[in-house]
Amino acid sequence: MKILVCISSVPDTTTKISFTNNNTALQSNGVQFIINPNDEFGLTKALHIKEANPGTNVTVLHVGPNSSDPVIRKALAIGADDAVRINVEAIDPLQVAGEIAHYVKANPYDLIITGKESIDYNGAIVAHALGEMLGIPSVSPCIGLSINGSEASLTGVVDGGKEELTASLPIVVGGQKGLVEEKDLRIPNMRGIMQARTKPLNVVEASGSKEAQKVVNYDTPAPKAACKIVDANNVDELVRLLQNEAKVI
Amino acid sequence: MSVLVYIEHTNGIIKKNALEAASYAVAYAEKTNGSALGVTIGNVSESEIKKLGNVGLEKVFNVGGHDYLNHQKVAAIMADVAQKNNSTTYIFSGSSEGKGAGPRLAVKMGAGIVSEVIEVPSSTSPITLVKKAFSGKGYANIQLNHEKNVIVLSTNAFGVHEKSVDVHIENISSEGNDTSLTHQSFDRDTKGISLPDAELVVSAGRGLKGAENWGMIEELAETLGAATACSKPVSDIGWRGHHEHVGQTGIAISPNLYIAIGISGAIQHLAGVSSSKTIVVINIDPEAPFFKAADYGIIGDAFEVVPKLNAAIKAIKG
């Protein structure tokens, strides 16, 4: 089986976000970039499938410039077999999905895994758009996946519950925590890091998928006014404030 | 030019996020000199559809049949209705259905798409919109360069704006024959209110010391009519299910009231909840960073404060 895991490179979750160049770009000095957490759950799931099904190949794919190579190498160090980087700045989620679809049409995979969304632009668009572009089913967010031959059983998250689904491969799956657990995530060991240096990272040029949107500029949320502290022995006062001042209960 | 909005319902009852989406579509149509058209799919009564008149939606297409829906079918039906009505803007709630159907519809229509949108366009040529980004740590102003666009909303950001009109309902049929996903079963989360839609949320963290202590959290939530949530460590340890995990890598929520009990307020947690309208923090540690992001705080032991708070709220609710 051939599995493609699409990864995004995002600021570490502990990053304090600020902007530069008249608020037109993320201030990235000193920011540590990581594999998007939702994608990492997907990558780990792909490795579980590989270990249970000898002969499976796991490719990671990233759409972005060479500044993302360390993040791609980390995915290889965790255990992916090879990598593809589509050499273009990712600007629009449909452009990203278009580039991935273009690559997959020429290089078919049985299972394509993305994250349910990236934690930077929070689009939650690529998984389903990719499914539509390829004319195959998509399940995202997905918290359960098992493959039996050419059939997949999936657990999708829907508002208010979970849905059990089946579909024939190929499919697109959007991962999040639950697809594997936090404790299943892997930290690259020295052997993995050494091996990653020599695993193939193929750079392919973009197909020129059109960008339909761009970010004009960014803002940060307005700071909150000071917190009103209420005495622990006077919860009635808190209730009064919530009722009369905040008017939320 | 018309603005098409997908109206979600649960077992025939129109969802609050659908009223918000309809409200947004009406405002968007006003801003762009177009008309707003709603689409309901499945078994929804006429009297229920008429409720959309309270937010200014004048016309609704009611697509009958379709006992089982998924995002792929919704996208196929929306594309059919959009083509027949020359619609150029397509509005969805930021629900699982909206986030699933929106991208598929964008591809079908050759449209652009932007999600997590919080406001109507500030400018219409080109369309410029504000979306949440960096998991609530920032906002991005997005310029759309397509003639057709899908807009997926951020729940509880635009709000429901009342405007009374008469609703004209047109019953139509549309096949939406996408069968590539086979539905097997649906498990509803345990009792209580669905977290992404909740207006009030009671959330607790490691300060609760163990899963066995959640009784008072559930009681407070029940008294308020709130959903329950938890911090990441709590769901990682397994004290609560993943579906309750709010934060950067869990669910991002923006309820009217978020009560955080025994949660210190790590930056990843704040990212997922900071757009809540009012935040109350109850923590024994006066240095907990969450107090800096809160509107109201109580420094005290949750095991003493929460039962008192529950009693005080019960008292006013009679």
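Keep in mind that this is a model prediction, so the values were computed, not measured. All values below come from the heavy atoms of this structure, side chains included, with hydrogens, waters and symmetry mates left out. Below, chains carry the letters A, B, ... as their sequence lines are ordered, and counting in each starts from 1.
- To the nearest 0.5 Å, the span separating CG on L179(A) from NE2 on H242(B) amounts to 10.5 Å.
- Sorted pairs that involve residues 294-318 of chain B and meet ring pair (Phe, Tyr, Trp, His ring centres under 6.0 Å), not counting sequence neighbours, are lacking altogether.
- Heavy-atom pairs under 4.5 Å with chain A were tallied for G102(B), P103(B), S194(B), G247(B); the largest tally goes to P103(B).
- Heavy-atom neighbours of Q184(B) CD from other residues, nucleotides or ligands within 6.0 Å: above the threshold of 12.
- Separation of atoms CD1 (I313(B)) and CD1 (I249(A)) is listed at 4.5 Å; rounding is to 0.5 Å.
- Between V157(A) and S96(B), every side-chain heavy-atom pair lies at or beyond the 4.5 Å cut-off.
- Contact count versus chain B (heavy atoms, under 4.5 Å) is highest, among E181(A), K16(A), K228(A), for K228(A).
- In this structure, NE2 in H245(B) is found 9.5 Å from CD in Q176(A), a value given to the nearest 0.5 Å.
- To the nearest 0.5 Å, atom CD1 of residue I125(A) and atom CZ of residue R104(B) are 14.0 Å apart.
- Within a 6.0 Å radius of NZ in K292(B), other residues, nucleotides and ligands contribute 12 heavy atoms or fewer.
- When every heavy atom of A232(A) is checked against every heavy atom of G300(B), the shortest pair comes out as CB-CA, 4.3 Å.
- Heavy-atom pairs under 4.5 Å with chain B were tallied for L94(A), T13(A), V10(A); the largest tally goes to T13(A).
- A donor-acceptor pair is defined here as one N or O able to donate and one able to accept, closer than 3.5 Å; no such pair exists between the side chain of H243(B) and the backbone of K162(A).
- For T15(A) and K137(B), the side-chain atoms include no donor-acceptor pair closer than 3.5 Å.
- Most heavy-atom pairs under 4.5 Å with chain B, from the set D219(A), N23(A), L26(A): that is D219(A).
- For the atom pair CG (L238(A)) and CD1 (I259(B)), the distance works out to 7.0 Å, reported to the nearest 0.5 Å.
- With sequence neighbours excluded, the residues satisfying salt bridge (charged side-chain N to carboxylate O under 4.0 Å, His left out) with K224(A) are D295(B).
- The shortest side-chain heavy-atom distance between K308(B) and N233(A) falls under the 4.5 Å cut-off.
- Residue H128(A) holds its NE2 atom at 13.0 Å from CG of L105(B), rounded to the nearest 0.5 Å.
- Of the possible donor and acceptor atoms, none in the side chain of K132(B) sits under 3.5 Å from a partner among the backbone N and O of N122(A).
- Residues of residues 163-172 of chain A having a heavy atom under 4.5 Å from any heavy atom of chain B, listed by number: E163(A), E164(A), L165(A), T166(A), A167(A).
- Nearest approach of Q72(B) to I136(A), heavy atoms of both residues: OE1-O, 4.5 Å.
- A donor-acceptor pair is defined here as one N or O able to donate and one able to accept, closer than 3.5 Å; such a pair exists between the side chain of S135(B) and the backbone of I119(A).
- Here the side chains of H71(B) and V158(A) are not in contact, with every heavy-atom distance at 4.5 Å or above.
- Within a 6.0 Å sphere centred on CD of E245(A), heavy atoms belonging to other residues, nucleotides or ligands number more than 12.
- Annotation: N22(A), atom CG; neighbour count of heavy atoms from other residues, nucleotides and ligands within 6.0 Å does not exceed 12.
- Using a 4.5 Å cut-off on side-chain heavy atoms (C-beta onward), I229(A) and F291(B) make contact.
- For residues 129-154 of chain A, there are no ring pair (Phe, Tyr, Trp, His ring centres under 6.0 Å) pairs, not counting sequence neighbours.
- Q248(B) has its side chain out of reach of P37(A): every pair of non-hydrogen atoms, C-beta onward, lies at least 4.5 Å apart.
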